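So the structure is just underneath, and the comments pick up after that.
For clarity, every value in this text was computed on a predicted model and none was experimentally measured.
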Amino acid sequence: MSCYNPATSENVSTLGRAASCIAGFLLCAVQNDLGRKKEKAMKHPLTLFALGAALLLSLPAHAADIDWNKVDAALGKTAAVSGEVHRYGLPRSDLRVTLDGIAIKPALALGGWVAFAPMHGEAMVMGDLVLLDTEITPVMTKLLDSGLEITAIHNHILRAAPATFYMHVAGHGDPEKMAASIRAALSSESKTPFDPPATTAGPAPTIDLDTAKLDEAMGAKGTANGGVYQFGIPRRNPATESGMQVSGALGGANAINFQPTGSGKAAITGDFLVAGDEVNPLIRALRAGDIEVTAIHSHMLDEQPRMFFIHFWANDDAVKLARGIRTALDKTAVAQH
């Protein structure tokens, strides 16, 4: 991460960081005074505590002091808040993408996002931006020039028209400035929409699937979003990145999406989050369930333990596919259901 000091990888409080610094001063004092007289050495604690008090006054504000309204304004979006994580949706509702004759809804496979989490008085950001091939280089250049990092670029699905790609971004710093940089890059170098969607009268799109049976087969409760039925299945022990736990809101959960295609069928896609020794057991289970594996890759650079993301696609009986997905999930260290 940019501006990241691995020696302070835990999200400690201001007082804790001050205490650590004071301890460092004490250690240096002891080492430097070995050859000095005892009466002179006894004078150092007062000096050191005075330095510590000054240090307390000079340290930056705690992460809880972030003005999230300013971050919202900089990005032009309203966050969905999960614990301390503020996540912003960046769906490519401007694109008309088809795959195997199916019109892909943004919530199925075009749902870009960025998420901010408090870290050391500032914030870390992680995200996944949906781009056309012609948008990749100009958006990347703009983000790099602003100090953000690119951690991956890849496909999620195959045979889509037009082809879409996914750029993972990361950074650590002032959340308002990072949000403004992301918006500037996307609004000037891509057609990612930032205006709020036009409001239309009437109910939300219905999910033409037996969602109770899907919940039963998946062993979890799904949620409807933009005509797509979505599951977020957490791992038993989440990975960490830069000393921060990669929660589901930061992209650290198995994401399974069902889009109805008629007569009880659904198109499914998403990604599994797995350790290296889980990759092949998982993809064997997917293929046994006649589910296509479309990508295997990383999203992050420094996570512990090393994790891989496996993307998939199928269009078949929804309950049958849910059972196949659950069988594959059970090959991995997911949270108990």
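Taken from CD in E189 to OG1 in T134, the straight-line distance is 10.5 Å, to the nearest 0.5 Å. Distance OG/S146 to CD1/I182: 7.5 Å, rounded to 0.5 Å. Taking CE of M140 as the start and CG of L148 as the end, the distance is 12.5 Å to the nearest 0.5 Å. Here CZ of R287 is found 13.5 Å from CG of N280. Values are rounded to the nearest 0.5 Å. I325 CD1 to N257 CG: the interatomic distance, rounded to the nearest 0.5 Å, is 10.0 Å. Within the model, atoms CD1 of I268 and CG of D316 stand 8.5 Å from one another, a figure rounded to the nearest 0.5 Å.
For the pair D215 (side chain) and K221 (backbone), a donor-acceptor distance under 3.5 Å is absent. In this structure, the side chain of Q259 engages the main chain of A103 through a donor-acceptor pair within 3.5 Å. Judged purely by atom type and a 3.5 angstrom limit, D210 uses its side chain to pair as donor or acceptor with the backbone of K213. Between the side chain of R323 and the backbone N or O of T327, no donor-acceptor pair lies under 3.5 Å. Checking side-chain atoms of Q230 against main-chain N and O of A107 turns up a donor-acceptor pair under 3.5 Å. Using a distance-only test at 3.5 Å, with no hydrogens or angles considered, a donor-acceptor pair links the side chain of N155 to the main chain of T294.
Contact check for I233 versus L329: side-chain heavy atoms found under the 4.5 Å cut-off. Annotation: side chain of P162 is in contact with side chain of V97 (closest heavy-atom distance under 4.5 Å). Annotation: side chain of D133 is in contact with side chain of F165 (closest heavy-atom distance under 4.5 Å). Proximity of R284 to K331: side-chain heavy atoms (C-beta onward) are nowhere separated by under 4.5 Å. Looking at heavy atoms from C-beta onward, I310 lies in side-chain contact with L282 at the 4.5 angstrom threshold. Counting only heavy atoms from C-beta outward, the side chains of R87 and S82 never approach each other to under 4.5 Å. Contact check for D100 versus R159: side-chain heavy atoms found under the 4.5 Å cut-off. In this structure, V114 and K77 have side chains that are not in contact, with every pair of non-hydrogen atoms separated by 4.5 Å or more.
Nearest heavy atoms, A123 versus P175: CB-CB, 3.8 Å. In terms of heavy-atom proximity, L273 sits nearest to M307 at CD1-CB, 3.6 Å. Shown here for L99 and A160, the closest heavy-atom pair between the two residues is CD1-N, 4.0 Å. Residue S187 comes nearest to R183 through the heavy atom pair OG-O, 2.6 Å, listed as atom of the first residue, atom of the second, then distance. Across all non-hydrogen atoms, the minimal contact from R236 to T332 is NH2-O, 4.4 Å. I291 and G324 make their closest contact through CD1-C, 4.3 Å (heavy atoms, listed as atom of the first residue, atom of the second, distance).
In this structure, L129 is a member of the same hydrophobic cluster as L75, with clusters built from ILVMFWY side-chain heavy atoms closer than 4.5 Å. The hydrophobic cluster containing L108 does not contain M218, counting ILVMFWY residues as joined when their side-chain heavy atoms lie under 4.5 angstrom apart, directly or transitively. Two different hydrophobic clusters hold F258 and I104 under the rule that ILVMFWY side chains link at heavy-atom gaps under 4.5 Å. No path of Ile, Leu, Val, Met, Phe, Trp and Tyr side chains, each step under 4.5 Å between heavy atoms, connects L90 with L95, placing them in separate hydrophobic clusters. Grouping the Ile, Leu, Val, Met, Phe, Trp and Tyr side chains by contacts below 4.5 angstrom, directly or via other members, places V71 apart from V81.
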* Show your working on side chain to side chain contact (heavy atoms under 4.5 Å, CB included) between H172 and M178 and close with a plain yes or no. => CA-CA 8 Å; H172 176 211; M178 293 191 295; 5.6 Å; no
* Working for side chain to side chain contact (heavy atoms under 4.5 Å, CB included), residues T151 and V169 -> CA-CA 6 Å; T151 61; V169 300; over 6 Å; no
* What's the verdict on side chain to side chain contact (heavy atoms under 4.5 Å, CB included) for W313 and V293, showing C-alpha distance, side-chain angles and the deciding distance? -> CA-CA 7 Å; W313 170 265; V293 177; over 6 Å; no
* Start with the C-alpha distance between F116 and H86, add both sets of side-chain angles, then the distance that settles ring pair (Phe, Tyr, Trp, His ring centres under 6.0 Å), and finish with yes or no. => CA-CA 5 Å; F116 295 79; H86 288 239; 8.6 Å; no
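With Y88 as the partner, the side chain to side chain contact (heavy atoms under 4.5 Å, CB included) test is satisfied by one option alone out of D72, V125, T78: D72. For the ring pair (Phe, Tyr, Trp, His ring centres under 6.0 Å) test with H299, the passing option among Y166, F309, F308 is F309; the others fail. The one candidate from D208, N315, V319, L209 that meets the side chain to side chain contact (heavy atoms under 4.5 Å, CB included) condition with K265 is N315.
Residues H311 and H154 have side chains that never bring a donor and an acceptor to within less than 3.5 angstrom of each other.
Remark: S190 pairs with R92, L131, E135, V139, L186, T192 by the side chain to side chain contact (heavy atoms under 4.5 Å, CB included) rule, at least two apart or across chains.
Applying the 6.0 Å contact sphere to CZ of R306 captures more than 12 heavy atoms from other residues, nucleotides or ligands.
Ion pairing between a basic and an acidic side chain is recognised when a charged N comes within 4.0 Å of a carboxylate O; R235 and E278 show such pairing. Taking the charged nitrogens against the carboxylate oxygens, R326 and E216 have no contact shorter than 4.0 Å, which rules out a salt bridge.
Ring geometry for F272 against F312 counts as tilted: the plane angle lies between 30° and 60°, on a 0 to 90° scale. The aromatic rings of H156 and H168 sit tilted relative to each other, their planes meeting at an angle between 30° and 60°.
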